[in-house]
Asks: 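Let me begin by handing over the structure; questions about it come next.
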Amino acid sequence: RRFNEYKLVFKDRKVLDFGCGRGTFLNKLKDNNITKDLYSLEPNEQYHKWLSENTIIFSKIDTLFDNHFDYITMFHVLEHLKDPIAILKQLKTKLNKQGQIIIEIPNHNDVLSTIYDATAYKDCVYVPWHLFYFTSNTLKLLLEKAGFEVEFIKQIQRYSLANHLHWLRLGKPNGHIVWSFLDNNILNQTYASQLAYLGVCDTLVVLISKKEKYDDKD
């Protein structure tokens, strides 16, 4: 999904994936020769061998190039950071003049937690390593406090109706696999569209920019 969404956006750009883990997304970009330069930042050294062979790798923010990147991606990272505002302010200095950051995080208002009130699901997602939970409104406030212009926040539904039915009936994940016979594209697209309309999808995706570009009169 991410590759299909960003492959044209990232064409011939300098892209850094922050907190990239095993580098699955980066691997897809590299195999298809999408970016001009591909960078990774991952503190966990167990992933460094592959990352160092396929990207320019960093372990800390202060070692990144200043004013350099066209795009920085943070896929399900922000909710794990002890001081997300401080990190975002640091990353801002690493973007070039027109640079942008793409963030993907869990939606605190997702349908399983709110409308369905699925206890087993909430026990699964409210975990100690998630230090923050965001709604569209609180995420926007955070990003503006960090000094960014919010271009958009949109709702994305990652998991299908079968997944949700499985949670509600059995209190377990992987319904999109176990009950995949219930799924089809039309059903899931319609379901996802309605959840987005209600603002209760499982994921938020946001695009933010440096405010300086709006202040520049050149």
Side-chain angles (χ1 to χ4, degrees), residues 2-3 5-21 23-26 29-30 34-45 47-48 51-52 54-108 129-156 203-218:
R2 290 176 187 144
F3 174 75
E5 185 165 358
Y6 300 119
K7 61 184 179 183
L8 296 179
V9 177
F10 292 167
K11 184 66 177 174
D12 298 326
R13 301 288 187 172
K14 292 174 286 189
V15 177
L16 167 73
D17 193 12
F18 181 97
C20 52
T24 306
F25 177 67
L26 295 174
L29 294 176
K30 182 178 186 298
I34 298 296
T35 63
K36 179 179 180 181
D37 291 307
L38 197 55
Y39 305 83
S40 57
L41 190 151
E42 176 52 57
N44 193 332
E45 293 185 359
Y47 302 129
H48 282 198
L51 293 170
S52 63
N54 296 277
T55 69
I56 301 171
I57 185 171
F58 299 89
S59 297
K60 298 179 180 179
I61 294 179
D62 56 12
T63 61
L64 293 171
F65 306 128
D66 289 337
N67 307 308
H68 184 75
F69 301 100
D70 296 306
Y71 289 97
I72 297 174
T73 59
M74 305 175 72
F75 297 130
H76 291 265
V77 171
L78 195 70
E79 66 272 20
H80 298 276
L81 302 178
K82 291 181 180 179
D83 192 343
I85 290 178
I87 295 295
L88 287 167
K89 285 182 175 180
Q90 284 182 280
L91 291 178
K92 185 180 179 184
T93 67
K94 309 305 178 181
L95 293 170
N96 64 30
K97 190 174 182 180
Q98 302 297 324
Q100 298 179 311
I101 299 179
I102 298 169
I103 299 170
E104 183 176 303
I105 61 168
N107 180 16
H108 179 58
W129 50 90
H130 281 181
L131 304 180
F132 294 94
Y133 295 87
F134 296 99
T135 66
S136 294
N137 290 335
T138 58
L139 179 59
K140 186 173 186 290
L141 289 172
L142 176 89
L143 298 171
E144 290 176 344
K145 191 170 183 179
F148 286 90
E149 187 78 22
V150 178
E151 303 287 349
F152 65 73
I153 298 177
K154 64 181 179 181
Q155 302 259 337
I156 298 290
T203 303
L204 299 174
V205 174
V206 59
L207 177 69
I208 56 178
S209 302
K210 297 173 71 170
K211 279 188 175 181
E212 287 91 335
K213 78 172 189 176
Y214 294 95
D215 300 331
D216 187 0
K217 298 179 181 180
D218 292 341

Asks: Please lay out, stage by stage, how I87 and Q90 fare under the test side-chain contact (heavy atoms from CB on, under 4.5 Å).
Replies: CA-CA 5 Å; I87 295 295; Q90 284 182 280; 3.7 Å; yes
Asks: Does any non-hydrogen side-chain atom of L207 lie less than 4.5 Å from one of I102?
Replies: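 Result yes, sub-4.5 Å side-chain heavy-atom pair found.
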Asks: I would like to know whether K210 and E149 meet side-chain contact (heavy atoms from CB on, under 4.5 Å); could you show each step before the answer?
Replies: CA-CA 6 Å; K210 297 173 71 170; E149 187 78 22; over 6 Å; no
Asks: If I take atom CG from residue N67 and atom NZ from residue K94, how far apart are they, to the nearest 0.5 angstrom?
Replies: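 Taking CG in N67 and NZ in K94, the distance rounds to 8.5 Å.
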Asks: Before you tell me yes or no, could you show the steps for T73 and R2 under side-chain contact (heavy atoms from CB on, under 4.5 Å), namely the whole-Å CA-CA distance, both residues' side-chain angles and the distance that decides it to 0.1 Å?
Replies: CA-CA 11 Å; T73 59; R2 290 176 187 144; over 6 Å; no
Asks: Which of parallel (below 30°), tilted (30 to 60°) and perpendicular (above 60°) describes Y133 and H108?
Replies: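 Correct class here is tilted.
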Asks: Please walk me through it: do N54 and L38 pass side-chain contact (heavy atoms from CB on, under 4.5 Å)?
Replies: CA-CA 8 Å; N54 296 277; L38 197 55; over 6 Å; no
Asks: Going by heavy atoms in the side chains, are K60 and P43 under 4.5 Å from each other?
Replies: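 They are not in contact (no side-chain heavy atoms under 4.5 Å apart), so the answer is no.
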Asks: Between F134 and F132, how do the two ring planes meet: parallel, tilted or perpendicular, split at 30° and 60°?
Replies: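 Parallel: the ring planes of F134 and F132 meet at under 30°.
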Asks: To the nearest 0.5 Å, what is the distance between CE on M74 and CZ on F18?
Replies: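 Answer rounded to 0.5 Å: 5.0 Å.
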Asks: Under 3.5 Å, side chain of D17 to main-chain N/O of S40, donor-acceptor pair present?
Replies: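 Flag not set: sc D17 to bb S40 has no pair under 3.5 Å.
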Asks: Only one of I208, L204, V206, I153 clears side chain to side chain contact (heavy atoms under 4.5 Å, CB included) with K140; which?
Replies: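 Between K140 and the candidates, side chain to side chain contact (heavy atoms under 4.5 Å, CB included) is satisfied uniquely by I153.
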Asks: Any chance you could measure T93, atom OG1, to L91, atom CG, to the nearest 0.5 Å?
Replies: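 If I round to the nearest 0.5 Å, the distance is 7.5 Å.
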Asks: Rounded to the nearest 0.5 Å, what's the gap from CG on D83 to CG on L131? Could you check?
Replies: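 Going from CG on D83 over to CG on L131, the span is 11.0 Å.
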Asks: If you measure from CG on L95 to CD on Q100, what distance do you get to the nearest 0.5 Å?
Replies: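 Rounded to the nearest 0.5 Å, the CG-CD separation comes out at 8.5 Å.
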Asks: For F69, which of N96, L64, D37, I101 qualifies under side chain to side chain contact (heavy atoms under 4.5 Å, CB included)?
Replies: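 Of the listed options, the one satisfying the test is L64.
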Asks: Test your reading of the model: is there a side-chain donor-acceptor pair from E42 to the backbone of G21, 3.5 Å cut-off?
Replies: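 Yes, E42 side chain to G21 backbone: donor-acceptor pair under 3.5 Å.
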Asks: Around K145, counting heavy atoms of other residues, nucleotides and ligands shown, do more than 12 lie under 6.0 Å from its NZ?
Replies: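 At most 12 heavy atoms, drawn from other residues, nucleotides or ligands, come within 6.0 Å of this atom.
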Asks: Is any side-chain heavy atom of Y47 closer than 4.5 Å to a side-chain heavy atom of I57?
Replies: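 Sidechains of I57 and Y47: no contact.
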Asks: So which atom in K14 and which in D70 form the shortest heavy-atom distance, rounded to 0.1 Å?
Replies: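 Scanning both residues completely, I find the closest heavy atoms to be N-OD2, 2.7 Å.
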Asks: Within the 4.5 Å heavy-atom criterion, are L78 and L88 side-chain neighbours or not?
Replies: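 Yes, close enough: below the 4.5 Å cut-off.
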Asks: Do you know which two heavy atoms are closest between A146 and K92, and how far apart they sit?
Replies: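 Closest approach of A146 to K92: O-CD, 4.4 Å.
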Asks: Would a 4.5 Å heavy-atom cut-off, applied to side chains only, mark I103 and I105 as touching?
Replies: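 In contact.
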Asks: Looking at G23 and L51, what are the two nearest heavy atoms and their distance?
Replies: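 Nearest pair, atom of G23 first, then L51: CA-CD2, 4.1 Å.
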Asks: Measure the acute angle between the ring planes of F10 and Y6, then classify it against the limits of 30° and 60° as parallel, tilted or perpendicular.
Replies: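 Plane angle under 30°, so parallel.
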Asks: Do T55 and K30 make a side-chain contact, defined as non-hydrogen atoms from C-beta onward lying under 4.5 Å apart?
Replies: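 Of all side-chain heavy-atom pairs linking K30 with T55, none is under 4.5 Å.
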Asks: Does the side chain of L142 reach to within under 4.5 Å of the side chain of I85, using non-hydrogen atoms?
Replies: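 L142 reaches I85 side chain to side chain.
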Asks: Considering only heavy atoms from C-beta outward, does the side chain of Y39 approach that of H68 to under 4.5 Å?
Replies: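 They are in contact (side-chain heavy atoms under 4.5 Å apart), so the answer is yes.
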